[in-house]
Amino acid sequence: AAAACAREAPPGVVVHAGRDGVAEVAGLPEVDVVLCAIVGMAGLRPVLSAIRAGKDVALATKEVLVAAGALVTAAAARAGVRLLPVDSEHSAIFQCLGATAFEPSTLARIRRLVLTASGGPFAGRPEVDFDRVTVAEAIAHPRWDMGPKISVDSATMMNKGLEVIEGHWLFGTPLDRIDVVLHPQSIVHSLVEFQDGSLLAQMSSPDMRYAIQYALTFPERMDSGLPAFDLGAVGRLDFAPPDDTRFPCLRLAREAGRTGGSMPAVMNAANEAAVESFLAKRIPFSGIWRFVASAMERHDVVSAPSLDEIVAADAWARDLAGHMRV
């Protein structure tokens, strides 16, 4: 496909295609900011390429920090570049911290981060049998229009587990000081509790354009042209704790984050493979977390993995998925 694109390109147009091509584009000298929104681990090499080239990275691909948070943040520190969060939850924290978000003195004032979760299509439906959930039901998100993989992650609440690990790396906050709360309206995108006990929340309509624009214009704010938000029309804002019993993916992600090393990469790859199998109707919805748990139990953790070892751990979990028994 890449060769065909290159042959059909107009004269003077250079085509960058495939995994290597994406990494090349991310490091082009004329690029100012790289926005990474590739689903899954495919975003890791382009992000590292951009960092090595001295580019700030607006990051929507949470799996990059989940699988290789230590490597990516260390590389960004060495290059003197910024990781600008694009996920609505992390953008909300970023906005609450303000223009000094990256300064150690600002991060030191954080007591707790609170990530909000819509709960997906099933949090408010205790009668649902997860062994019988269909693909159509799982991807029918009540608030956000997302692709199939992210929609399934939201339905299992793995998406929130990944965000807990991502928040740890972005804001230098220990995992045990990052909480999750269900908020079905998806108006409050996250909150920061400071040392004095004050909570700051960022609110907007559930529309990713706000977060994307803030990352691309930081530290400035520009007129987005988006409709004004009518809080009175919302009427109420509800919050509740998540049910880790019904949604074990959130617990599994926390366990992977606490274990560290190569475990988050395995957890993430196992989840990606399991979601792919569910979407292909090869396993039940509940098989997603059963396979993730099985892969984590069987993995021999590498404590401080290199990039090659992270890639190998990812490949190991995906190969294991070829023999999936759930």
Side-chain angles (χ1 to χ4, degrees), residues 22 25-38 43 46-62 64-65 69 72-110 113-116 143-146 163 166-173 178 183 186-196 198-231 234:
V22 175
V25 169
L28 290 174
E30 59 267 36
V31 172
D32 297 314
V33 177
V34 173
L35 172 61
C36 179
I38 302 172
V47 165
L48 289 173
S49 176
I51 290 172
R52 285 193 293 266
K55 317 296 183 184
D56 286 343
V57 177
L59 188 60
T61 307
K62 58 180 65 65
V64 167
L65 289 179
V72 173
T73 54
R78 286 194 301 269
V81 302
R82 301 176 298 190
L83 298 175
L84 305 163
V86 172
D87 258 353
S88 62
E89 294 82 1
H90 300 103
S91 176
I93 294 167
F94 187 40
Q95 293 182 57
C96 288
L97 297 177
T100 62
F102 295 107
E103 295 182 7
S105 60
T106 298
L107 298 178
R109 291 195 291 268
I110 296 173
L113 304 179
V114 183
L115 303 176
T116 57
R143 294 290 176 182
W144 296 93
D145 182 11
M146 306 180 290
E163 287 172 7
E166 184 184 15
H168 161 67
W169 291 112
L170 281 171
F171 304 110
T173 302
I178 304 177
H183 171 53
S186 297
I187 298 300
V188 175
H189 296 293
S190 279
L191 308 95
V192 178
E193 181 179 350
F194 292 94
Q195 285 180 324
D196 61 359
S198 295
L199 282 165
L200 290 186
Q202 186 269 334
M203 298 189 293
S204 70
S205 299
D207 188 321
M208 283 302 301
R209 290 177 291 180
Y210 295 100
I212 294 168
Q213 177 168 299
Y214 188 71
L216 295 179
T217 63
F218 177 81
E220 304 297 329
R221 288 189 182 271
M222 299 174 62
D223 184 358
S224 65
L226 295 171
F229 178 59
D230 185 355
L231 188 57
V234 174

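Every heavy atom of this structure was used, including side-chain atoms; hydrogens, water molecules and symmetry mates were not.
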Any sub-3.5 Å donor-acceptor pair from Gln202's side-chain atoms to Ser88's backbone N or O? no
Return the set of residues passing side-chain hydrogen bond (donor to acceptor under 3.5 Å, both in side chains) with Thr73 (not counting sequence neighbours), or none when no residue passes. none
Tell me, please, which residues at least two apart from Ser198 pass side-chain hydrogen bond (donor to acceptor under 3.5 Å, both in side chains). Asp196
Would you list the pairs meeting salt bridge (charged side-chain N to carboxylate O under 4.0 Å, His left out) in which at least one residue belongs to residues 208-230, sequence neighbours left out? Asp207-Arg209
Might you point out which heavy atoms bring Ser224 and Tyr210 nearest each other, and give the distance in Å? OG-CE2, 4.5 Å
Sequence neighbours left out, cut at 3.5 Å: what donor-acceptor pairs do the side chains of residues 76-83 make with other protein atoms?
from: Arg82; atom 1: NE; to: Asp56; atom 2: OD2; distance (Å): 3.1
from: Arg82; atom 1: NH2; to: Asp56; atom 2: OD2; distance (Å): 3.0

Does Phe229 reach the side chain of Val234, with side-chain heavy atoms less than 4.5 Å apart? yes
Can you name the side-chain contact (heavy atoms from CB on, under 4.5 Å) partners of Ile110, sequence neighbours left out? Leu97, Leu107, Leu113, Thr173, Val192
Report the residues that fulfil side-chain contact (heavy atoms from CB on, under 4.5 Å) with Glu193, sequence neighbours left out, ordered by chain and then residue number. Arg111, Arg112, Leu199
Could you tell me whether the side chain of Val47 reaches within less than 4.5 Å of the side chain of Thr61, counting heavy atoms only? no
Tell me, please, which residues at least two apart from Thr116 pass side-chain hydrogen bond (donor to acceptor under 3.5 Å, both in side chains). none
Residues in ring pair (Phe, Tyr, Trp, His ring centres under 6.0 Å) with His168, at least two apart? none
So do the side chains of Val64 and Leu48 get within less than 4.5 Å of each other, counting heavy atoms only? no
State, to 0.1 Å, how close Ala92 and Ser190 come at their nearest heavy-atom pair, and which atoms those are. CB-N, 3.6 Å
Closest non-hydrogen contact found for Ala58 with Leu216 is CB-CD2, 4.3 Å
side-chain contact (heavy atoms from CB on, under 4.5 Å) involving Ala50 - partner list, sequence neighbours excluded: Ala26, Val34, Lys55, Val57
To the nearest 0.5 Å, what is the distance between CD1 (Ile93) and CD1 (Ile178)? 7.0 Å
Qualifying residues under side-chain hydrogen bond (donor to acceptor under 3.5 Å, both in side chains), relative to Thr100, sequence neighbours excluded: Thr106
For His90 and Gly167, work out which heavy atoms get closest and say how close. NE2-N, 3.3 Å
Rounded at 0.5 Å granularity, tell me how far CD in Gln95 sits from CE in Met203. 12.0 Å
Nearest heavy-atom pair of Val86 and Ser91: which atoms, and what distance? O-CB, 4.3 Å
Taking all atoms of both residues into account, what is the closest heavy-atom pair of Pro85 and Ala215, and its distance? O-CB, 3.9 Å
Mutual orientation of the aromatic rings belonging to Phe218 and Phe102 [parallel < 30°, tilted 30-60°, perpendicular > 60°]: perpendicular
Might you work through the side chain to side chain donor-acceptor pair (under 3.5 Å) test for His189 and Ser204, ending with a clear yes or no? CA-CA 8 Å; His189 296 293; Ser204 70; 3.0 Å; yes
